[in-house]
2 protein chains.
Amino acid sequence: MVTLAEVAQHAGVSASTVSYVLSGKRSISVGTRQRVERSIQELGYHPNAGARALASNRSNIIALMVPLRTDMYVPVMMEIAIAVATTARTHGYDVLLLTGEEGPDAVRRVTGSGLADAMILMDVELDDERLPLLRGTDQPSVLIGLPADTSGLTCVDLDFGATGALCAEHLARFGHRDIAVIGEAPAVYERHTGFAERTLDGLRSRSRELGLRMLHRPCEGGYDAMAVTLARIFDERPSITGFVVQNESAVEPLLALLRQQGRAVPEDVSVVAICPDQVATQASLRLTSVAIPAQEMGRHAVEQLVAKLEGRGSDDVVLIAPELTIRASSGPAPATS
Amino acid sequence: MVTLAEVAQHAGVSASTVSYVLSGKRSISVGTRQRVERSIQELGYHPNAGARALASNRSNIIALMVPLRTDMYVPVMMEIAIAVATTARTHGYDVLLLTGEEGPDAVRRVTGSGLADAMILMDVELDDERLPLLRGTDQPSVLIGLPADTSGLTCVDLDFGATGALCAEHLARFGHRDIAVIGEAPAVYERHTGFAERTLDGLRSRSRELGLRMLHRPCEGGYDAMAVTLARIFDERPSITGFVVQNESAVEPLLALLRQQGRAVPEDVSVVAICPDQVATQASLRLTSVAIPAQEMGRHAVEQLVAKLEGRGSDDVVLIAPELTIRASSGPAPATS
DNA sequence: ATGAAAGCGCTAACAT
DNA sequence: ATGTTAGCGCTTTCAT
């Protein structure tokens with residue numbers, strides 16, 4: 001293993017000079033710098049991570065805690081994780097992958113050992129048990145998702161309230177007066193992850209303002225559950241002409257069932273989905289949708305964190321503005337019979 | 001920050017004693033051990049990762065390199081990653097998440113800096129440019145996937161050859177004589193990831209042995225591509241009664257199209273999928289399938305790696321035996337008209 | 001069964 | 001603009 005000292009000797013300078021060439025924290029004459037850089041090249045030197053961490057008290061590692069459960073929005077999580085990893089690299093950080101499994105202990109372990117300089121938590125619950133720990137430490141952190149109490153925390157999330165409002169507006173603008181919201185599985189609401197409720201709030205209040213009638217039904221994914229839910233919806237409100245779906249695994253079943261019932265999309269019924277663009281564009285019908293901006297969320301989270309690590313941070317809630325893309329699944333409400 | 005020295009002082013022993021209590025590399029009297037453990041508890045001590053890595057020359061970190069492209073088998077990748085992370089933890093290791101983006105440089109960086117003790121590479125290509133580096137270093141590594149030349153490497157993968165054979169056998173046993181294989185997107189074959197070809201080889205050779213006629217067509221995901229492909233297949237071989245699908249995003253379109261054409265599954269046509277169980281059980285029809293054992297692959301990879309790290313390793317190729325689960329999408333071939 | 005002490009490779013004062 | 005040096009917190013000989 002090549003050490004700093006060996007590079008220094010090879011270049012005919014002192015160890016600290018090599019260190020300063022690497023860190024740029026001191027001005028170095030051009031000649032010296034070049035000789036050092038050449039030696040680094042020739043010897044194939046890589047700074048030892050452990051030694052660096054010990055001496056500088058910084059590991060240049062960001063911990064990313066992903067939920068253990070892989071039942072929801074998996075591609076989104078993966079996309080966020082990858083965005084976090086690539087963005088972190090552009091700032092000189094590596095990413096440590098922690099699963100939710102260890103729970104709060106993982107936070108203690110990572111914080112206490114100096115393994116990571118900072119952490120990003122995904123899938124934060126409204127009253128997450130890890131939050132007190134985060135507040136109690138001076139280790140910077142960013143949450144992806146919004147807990148009930150955000151005081152003293154930095155959070156990044158899609159503005160789900162605005163997302164709901166946007167969906168209602170879109171359908172209202174097309175003349176729909178009566179809409180149904182197909183939500184996440186009941187378990188998601190019970191888990192109090194927050195985003196589902198916030199979407200609903202946005203939908204409700206804007207619907208009220210626009211004079212829309214709205215019905216909400218949670219729904220497990222899959223065909224059978226969707227069939228039951230849909231039947232109930234049309235039973236209760238035959239006049240419904242617009243759907244908002246916030247459940248990846250209900251999207252395709254919904255489309256199939258509508259087709260099967262002879263309801264044409266978008267002529268008879270309009271559908272707006274809240275899902276990743278990939279799902280919206282690969283469905284059997286190109287869906288009008290509000291995208292879940294996974295990459296952007298990951299990127300923002302890292303950038304907030306790096307800002308904090310460099311002392312220019314702020315305790316802030318960053319809500320990403322939703323964007324609705326009109327595709328083939330929504331159109332004017334049918335003329336009232 | 002609490003240090004080893006502080007714990008030692010608090011417990012009234014020397015630093016080395018505390019270290020040995022922690023590592024268990026020396027026998028300690030019960031009394032001393034208890035006092036030390038108590039001090040550790042009371043002070044909330046966590047060993048400093050950097051110092052430990054520097055002194056012991058081991059970071060207790062495993063690097064996991066995931067492919068950057070998120071277009072294929074994303075949930076599988078995520079599941080593998082999570083299985084790797086949780087299994088690693090049970091052996092005392094943490095996981096560093098690297099994206100394929102950095103390419104071979106990442107291997108150099110991690111190896112050179114001692115950031116990780118070992119690495120796992122996912123989505124290995126037949127002639128992967130990272131392989132020479134791995135062979136040239138003494139850092140243990142395990143590949144998930146099978147390159148063309150496995151000499152000197154440890155690999156873990158599903159036995160895709162046997163998987164193909166199993167699918168052919170299953171359909172033959174049900175009396176099918178004429179089958180079609182709907183494969184991955186052409187790009188996957190061009191990328192030479194290997195698994196697709198190996199599946200095909202297994203299908204072909206067992207089909208020959210069993211007297212099955214077989215047709216293979218690569219297929220992009222989505223409805224439109226599937227519609228074109230399916231039409232061509234039935235044009236060329238109207239007598240086909242069995243399908244093998246190895247493309248997550250073609251599964252649902254295939255089922256929808258068959259339904260639409262009035263071909264009942266499994267009465268008229270049987271379908272066998274090669275996909276994660278989750279996909280097979282959540283499709284519009286519960287699919288007979290060979291599972292992609294993501295968790296098992298992740299777990300195996302880590303266990304191979306840990307074995308190597310502890311000096312009881314072997315340069316081996318571990319092929320996981322495929323398992324076919326019969327569900328509702330396959331049955332006896334229809335009587336010949 | 002326990003202690004003392006020498007590093008591990010680097011950073012960052014403190015010098016000049 | 002560069003060199004000298006004292007740690008960072010731990011592991012691990014070498015002693016006893």
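Lettering of chains follows the sequences in order, A, B, ..., and the numbering in each one begins at 1.
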Using OP1 and OP2 only, check whether a side-chain N or O of [X] sits under 4.0 Å from [N].
X       : N      : value
A/Arg52 : C/dT11 : yes
A/Tyr20 : D/dT4  : no
A/Thr17 : D/dG3  : yes
A/Ser27 : D/dA1  : yes
B/Thr32 : C/dT2  : yes
A/Ser14 : D/dT2  : no
B/Lys25 : D/dT11 : no

**OP:** Please tell me which of A/Val2 and A/Arg26 maps to the more 5' nucleotide of DNA chain C, matching each residue to the nucleotide holding its nearest heavy atom.
**Re:**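 By nearest-heavy-atom nucleotide position, the 5'-most residue is A/Val2.
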
**OP:** Determine whether any donor atom in the side chain of B/Ser16 lies under 3.5 Å from an acceptor atom in the base of C/dA4, or the reverse, and answer yes or no.
**Re:**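 Flag set: donor-acceptor pair detected.
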
Ignoring hydrogens and geometry, is there a side-chain-to-backbone donor-acceptor pair from [X] to [Y] under 3.5 Å?
X        : Y        : result
B/Asp117 : B/Asn60  : yes
B/Asp316 : B/Val318 : no
B/Gln139 : B/Val107 : no

Nearest-angstrom distance from the residue atom [atom1] of [X] to [atom2] of [N]:
X       : N      : atom1 : atom2 : result
B/Leu54 : C/dT11 : CG    : P     : 12 Å
A/Asn48 : C/dG9  : CG    : P     : 7 Å
A/Asn60 : C/dC10 : CG    : P     : 14 Å
A/Leu22 : C/dA12 : CG    : P     : 12 Å
B/Met1  : D/dC10 : CE    : C1'   : 11 Å
A/Arg58 : D/dG9  : CZ    : P     : 16 Å
A/Asn57 : D/dC10 : CG    : C1'   : 14 Å
A/Ile40 : C/dG9  : CD1   : C1'   : 14 Å

Original post:
Counting heavy atoms not belonging to B/Gln41, are there more than 12 under 6.0 Å from its CD?
Top reply: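 No, the 6.0 Å shell around CD holds no more than 12 heavy atoms from other groups.
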
Subject >> Neighbour count >12 (heavy atoms, 6.0 Å) for atom CG, B/Asp105 >> reply: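 Atom CG in B/Asp105 is crowded, with more than 12 foreign heavy atoms closer than 6.0 Å.
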
**OP:** Go through C/dT2, D/dT11, C/dG9 for me and flag the one nearest to the B/Leu4 side chain.
**Re:**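 Selected nucleotide (nearest to the side chain): D/dT11.
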
Original post:
Which nucleotide in the set D/dA1, C/dT11, D/dC10 lies at the smallest distance from any side-chain heavy atom of A/Ser29?
Top reply: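 Nearest to the side-chain atoms of A/Ser29, counting from C-beta on, is D/dA1.
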
**OP:** Identify whether any heavy atom of B/Ser19 sits under 4.0 Å from a base atom; if not, whether one sits that close to sugar-phosphate; answer base, sugar-phosphate or nothing.
**Re:**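 B/Ser19: base contact, heavy atoms under 4.0 Å.
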
